[in-house]
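See structure below.
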Amino acid sequence: MNPRWESLARELDTRRAQHLYRTRRINDGPQGPELKIDGKSVLAFCSNDYLGLANYPPVIAALNEGARLYGAGSGAAHLVSGHSSAHHALEEELAAFTGRQRALLFSTGYMANTGTIAALAGRGDAVFQDRLNHASLIDGGLLSGARLQRYTHGHIGAIEPQLAHSSAKRKLIVSDGVFSMDGDLAPLPQLVACAEKHAAWLMLDDAHGLGVLGAGGRGCIEHFSLNAATVPILVGTLGKAFGTFGAFVAGDEVMIEYLIQSARSYIYTTAMPPAIAHATRTSLRLAQHEHWRREHLQELIARFRHGAQQLDLPLMDSFTPIQPLLVGDTQRAVELSAALYERGILISAIRPPTVPEGSARLRITFTAAHSGQQVDRLLSVLAEVL
Ligand SMILES: *Cc1c(COP(=O)(O)O)cnc(C)c1O
């Protein structure tokens, strides 16, 4: 090894010793319940493809058609010549789906969050964030230069005094809708009331709620019977329930126009391939109209929770497709994940810093592509291993 990298190598060794070293498995085929990993067939419970659309033939056909109509790449940023009619149509459909004046496509959720927060807040402002918010939201807060104030997870009693005492020019409250590693929901009605009382702006990242929650798949806002007026800034991702790739921000005309002029992660990057946007128009339609996907998912979740309760497994307080089993110790979580893998079940161990110290877990997720029998198989292997 070149001596130049010695300090890096030492840090990697420390991570290995702490069971925090991360590696990639190579999946040779499409996303789905059954994967071929390193030549081995496994039953997977760790994707975010909640509606089972990532490998659904009509979506794949639309991607092919999109490539035929628009080619392989967009060739430029949206503000140059990369904004195609496929992007534009998808934005209009996302605006209608979320009941807002406008929607703006970003290449990823990470970029939507960092770009939006850094555009809407700056020096002299304050951004209030749940401690368990997704890394992209936290990073957006740091990038903005505003004062970043984090409050205890889901605790309205913690955010209220922060807002009351804040002398910031502009106050922005930011929260995940469904927390990605816990599966629980933000106390959205209380956040809305709090934002109104303190004249703060409220931004919701519903990456894991859209497509999944609410009778029409409109996510946390539909689940809590809220509306666009009370949650003025909505972020959604397209790589999870919608099965493709990308993200969007939806809201009022003025806010979206402001983002187009100012969000650096929107301006200074190549537009996503239009074929992806074209395919997403199909998955958005399916996500809205194929109610059976959400219903089947709820049946699988109920089946799992019932079985897990019988086995006395350490379930967390979640009714969403994210059903983590809390393990605590990092090494034990890694060992359990390995033991499951040996038995043909793929579930990743989620460790610090993704989750707080001492709260390592097995993050189990379900998709509409799973069957009841597959859930039963998972339960019987969990019983054996735990
Ligand atoms: C996955 C996720 C993102 C990032 O979205 P990508 O499109 O994968 O970059 C943002 N926020 C939350 C809550 C997420 O779970």
Side-chain angles (χ1 to χ4, degrees), residues 48-49 51 53-54 59 62-63 65-67 69-120 134 136-137 140 177 203-211 217-219 221 228 231-288:
N48 301 314
D49 177 28
L51 298 180
L53 292 173
V59 180
L63 184 61
E65 183 184 68
L69 292 169
Y70 302 98
S74 68
H78 282 280
L79 291 175
V80 183
S81 62
H83 188 65
S84 76
S85 53
H87 295 122
H88 206 74
L90 176 58
E91 287 185 343
E92 286 175 347
E93 288 160 7
L94 287 167
F97 173 61
T98 58
R100 283 149 201 270
Q101 290 175 355
R102 293 277 297 275
L104 184 68
L105 280 179
F106 281 75
S107 293
T108 70
Y110 189 95
M111 294 165 79
N113 284 337
T114 51
T116 300
I117 296 172
L120 297 181
H134 191 265
S136 57
L137 296 170
M203 170 172 168
L204 178 73
D205 172 358
D206 210 9
H208 300 273
L210 285 170
R218 288 177 171 75
I221 289 175
V231 186
I233 310 160
L234 174 68
V235 174
T237 62
L238 304 169
K240 288 168 181 156
F242 300 106
T244 56
F245 186 75
F248 68 92
V249 180
D252 286 348
E253 169 84 22
V254 178
M255 196 265 296
I256 296 297
E257 277 300 318
Y258 187 81
L259 292 181
I260 293 174
Q261 312 306 317
S262 334
R264 295 169 66 85
S265 65
Y266 180 77
I267 300 167
Y268 300 106
T269 198
T270 301
M272 71 163 76
I276 305 261
H278 189 74
T280 307
R281 297 180 65 193
T282 295
S283 60
L284 177 61
R285 228 171 6 252
L286 294 167
Q288 286 182 77

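- Residues passing the salt bridge (charged side-chain N to carboxylate O under 4.0 Å, His left out) test with Glu253 are Arg102, sequence neighbours excluded.
- Between Leu53 and Asp49, the closest heavy-atom pair is N-OD1, 3.0 Å.
- Separating the CD1 atom in Ile221 from the OG1 atom in Thr98 is a distance of 8.0 Å, to the nearest 0.5 Å.
- Side-chain contact between Leu210 and Phe242 is present, with heavy atoms from C-beta onward closer than 4.5 Å.
- The CG atom of Leu51 sits 11.5 Å away from atom CD of Gln288, with the distance rounded to the nearest 0.5 Å.
- Of the possible polar contacts, none joining the Asp206 side chain to the Gly219 backbone as a donor-acceptor pair under 3.5 Å is found.
- Looking at Arg218, its side chain does come within 3.5 Å of a backbone N or O of Phe97 through a donor-acceptor pair.
- Nearest heavy-atom pair across Ala72 and Pro273 is O-CB, 3.4 Å.
- Scanning all heavy atoms of the two residues, the minimum distance from Ala103 to Leu94 falls at CB-CB, 3.9 Å.
- Within the model, atoms CG of Leu63 and OG1 of Thr282 stand 9.5 Å from one another, a figure rounded to the nearest 0.5 Å.
- By the side-chain hydrogen bond (donor to acceptor under 3.5 Å, both in side chains) test, Asp205 pairs with Asn113, sequence neighbours left out.
- Evaluation of the side-chain hydrogen bond (donor to acceptor under 3.5 Å, both in side chains) rule for Thr269 yields no partner, not counting sequence neighbours.
- Taking CG of Leu104 as the reference point, atom CD1 of Ile260 lies at 5.0 Å (rounded to 0.5 Å).
- Applying the side-chain hydrogen bond (donor to acceptor under 3.5 Å, both in side chains) test to Glu93 and every residue at least two apart in sequence or in another chain returns Arg281.
- Considering every non-hydrogen atom in both Ala86 and Pro274, the closest pair reads CB-O, 3.6 Å.
- Going from atom OG1 of Thr116 over to atom CE of Met203 covers 5.0 Å, rounded to the nearest 0.5 Å.
- Counted by atom type alone, Tyr70 and Ser85 present one or more donor-acceptor pairs between their side chains at under 3.5 Å.
- Taking the side-chain hydrogen bond (donor to acceptor under 3.5 Å, both in side chains) definition, one finds that His83 meets it with His78, His88, sequence neighbours left out.
- Here the closest heavy-atom approach between residue Ser283 and residue Val59 is recorded as CB-CG2, 4.0 Å.
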>> Please evaluate residues Phe106 and Val235 with respect to the criterion side chain to side chain contact (heavy atoms under 4.5 Å, CB included), reporting the C-alpha separation (whole Å), side-chain torsions for both, the decisive distance (0.1 Å), and the verdict.
In response: CA-CA 10 Å; Phe106 281 75; Val235 174; over 6 Å; no
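- Across Gly115 and Ser265, no two heavy atoms sit closer than the pair CA-OG, 3.2 Å.
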Donor-acceptor pairs are to be reported for all side-chain atoms of residues 243-251 against protein atoms at under 3.5 Å, with residues two or more places apart or in another chain.
residue : atom : partner : partner atom : Å
Thr244  : OG1  : Leu238  : O            : 3.4
Thr244  : OG1  : Thr280  : OG1          : 2.7

>> Is there a side chain to side chain contact (heavy atoms under 4.5 Å, CB included) between Leu259 and Tyr266? Walk through the geometry before answering.
In response: CA-CA 8 Å; Leu259 292 181; Tyr266 180 77; over 6 Å; no
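- Under the 4.5 Å side-chain criterion, counting only non-hydrogen atoms from C-beta, Arg100 is in contact with Val231.
- We find the CE-CE distance between Met111 and Met272 to be 10.0 Å, quoted to the nearest 0.5 Å.
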